[in-house]
Amino acid sequence: MTPKERAGKSAEAMWKNDNSSPWIGICLEEVDEGRATMSLQVEKHHTNGHGICHGGIIFTLADTAFAFACNSRNQSTVAQHNTISFVSPGALGDTLTARAKEVSLTGKNGIYDATVTNQHGRVIAEFRGSSRAIRGQLFEE
């Protein structure tokens with residue numbers, strides 16, 4: 001199995017059990033080893049009291065891309081800690097895309113960066129996640 005095929009099977013197994021991401025409106029766009037791309041169309045129920053996309057929704061989008069990137073090797077992996085910097089607001093009607101990529105993987109510990117942009121390529125947020133591999137796999141190999 002190639003690394004891309006493994007990433008695809010891992011994503012398929014995760015997506016099958018992920019109840020929150022589809023409910024929020026997140027779509028899985030692409031996965032590869034150490035990488036994942038997710039998107040979200042900002043709808044009225046995603047907006048806060050300022051009429052812009054709620055920061056928690058943007059964080060969730062980035063965190064979801066991070067999760068699929070760090071689980072792409074079929075090794076069960078969870079977040080240790082994450083940070084986000086909001087750069088620009090996401091507007092109602094925007095299509096936000098989070099692209100996560102592996103920065104470092106040493107033993108059980110990984111570091112991943114995710115950039116969230118809108119449909120015009122404007123940076124909305126920068127996210128950094130640290131992961132920790134745990135026991136188990138997403139599918140049997």
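Atom set for the values below is all heavy atoms of this structure, side chains included, hydrogens, waters and symmetry mates excluded. This is a predicted model, so every value here is computed, not measured.
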For this session: Just jot down the side-chain contact (heavy atoms from CB on, under 4.5 Å) partners of His120, sequence neighbours excluded, or say none.
Result: Asn118

Problem set entry | Partner set under side-chain contact (heavy atoms from CB on, under 4.5 Å) for Arg132, not counting sequence neighbours | Gln80, Lys108, Asn109

For this session: Please tell me if the side chains of Ile58 and His46 come closer than 4.5 Å, counting only heavy atoms from C-beta onward.
Result: no

Problem set entry | Donor-acceptor contact present, side-chain Thr77 to main-chain Gln75, <3.5 Å | yes

Exercise. What residues, two or more places apart in sequence or in another chain, satisfy salt bridge (charged side-chain N to carboxylate O under 4.0 Å, His left out) together with Arg128?
Worked result: Asp113

Exercise. Would you say Asn71's side chain and Ala67's backbone share a donor-acceptor pair under 3.5 angstrom?
Worked result: yes

Exercise. What about Ile52 and Phe59, same hydrophobic cluster or not, with Ile/Leu/Val/Met/Phe/Trp/Tyr joined at side-chain heavy-atom distances under 4.5 Å?
Worked result: no

Seminar exercise, completed: Sorted by chain and number, sequence neighbours left out, side-chain contact (heavy atoms from CB on, under 4.5 Å) with Asn74 holds for Arg6, Ser10, Gln137, Leu138, Phe139, Glu141

For this session: Could you tell me which residues satisfy salt bridge (charged side-chain N to carboxylate O under 4.0 Å, His left out) with Asp63, sequence neighbours excluded, listed by chain and number?
Result: none

Problem set entry | Which residues share a side chain to side chain donor-acceptor pair (under 3.5 Å) with Ser20, sequence neighbours left out | Asp18

For this session: Could you identify which residues cluster with Val78, counting Ile, Leu, Val, Met, Phe, Trp and Tyr as linked when any side-chain heavy atoms lie under 4.5 Å apart, either directly or through a chain of such contacts?
Result: Ile134

Exercise. Looking at side-chain heavy atoms only, is the closest gap between Val116 and Thr97 below 4.5 Å?
Worked result: no

For this session: Look at the rings of Phe66 and Tyr112 and say which category their plane angle falls in: under 30° parallel, 30 to 60° tilted, over 60° perpendicular.
Result: perpendicular

Seminar exercise, completed: Heavy-atom nearest pair, Lys44 first then Thr47, reads O-OG1, 2.6 Å

For this session: Sequence neighbours left out, what passes side-chain contact (heavy atoms from CB on, under 4.5 Å) with Ala100? Give chain and number order.
Result: Ala65, Ala69, Ala114

For this session: Could you give me the CA-CA distance, side-chain angles and deciding distance for His54 and His45, then say whether side chain to side chain contact (heavy atoms under 4.5 Å, CB included) is met?
Result: CA-CA 9 Å; His54 193 289; His45 64 273; over 6 Å; no

Sequence neighbours left out, cut at 3.5 Å: what donor-acceptor pairs do the side chains of residues 26-40 make with other protein atoms?
{"residue": "Glu29", "atom": "OE2", "partner": "Ser39", "partner atom": "OG", "Å": "2.5"}

Problem set entry | Ser72 side-chain N/O to Ala7 backbone N/O, donor-acceptor pair under 3.5 Å | no

Problem set entry | Residues clustering with Val123 (ILVMFWY side chains joined when closer than 4.5 Å, directly or via others) | Val87

For this session: Quick one: list whatever passes side chain to side chain donor-acceptor pair (under 3.5 Å) with Thr95, sequence neighbours left out.
Result: Gln41

Problem set entry | Shared hydrophobic cluster for Trp15 and Leu61 (ILVMFWY, side-chain gaps under 4.5 Å) | yes

Exercise. Can a donor-acceptor pair be found between the side chains of Arg99 and Thr115 at a distance below 3.5 Å?
Worked result: no

For this session: Answer with yes or no whether the hydrophobic clustering places Ile84 together with Ile111; edges join I, L, V, M, F, W, Y residues whose side-chain heavy atoms lie under 4.5 Å apart.
Result: no

Seminar exercise, completed: Here the pair of heavy atoms bringing Thr106 nearest to Ser104 is OG1-OG, 3.7 Å

Problem set entry | Summary of ring pair (Phe, Tyr, Trp, His ring centres under 6.0 Å) pairs that have at least one residue in residues 73-107, sequence neighbours excluded | none

Problem set entry | Interatomic distance, Cys53 atom SG to Leu96 atom CG [nearest 0.5 angstrom] | 5.5 Å

Exercise. How many angstroms lie between atom NZ of Lys9 and atom CE of Met14, to the nearest 0.5 angstrom?
Worked result: 15.5 Å

Exercise. Is the closest side-chain heavy-atom distance between Ser85 and Phe127 below 4.5 Å?
Worked result: no

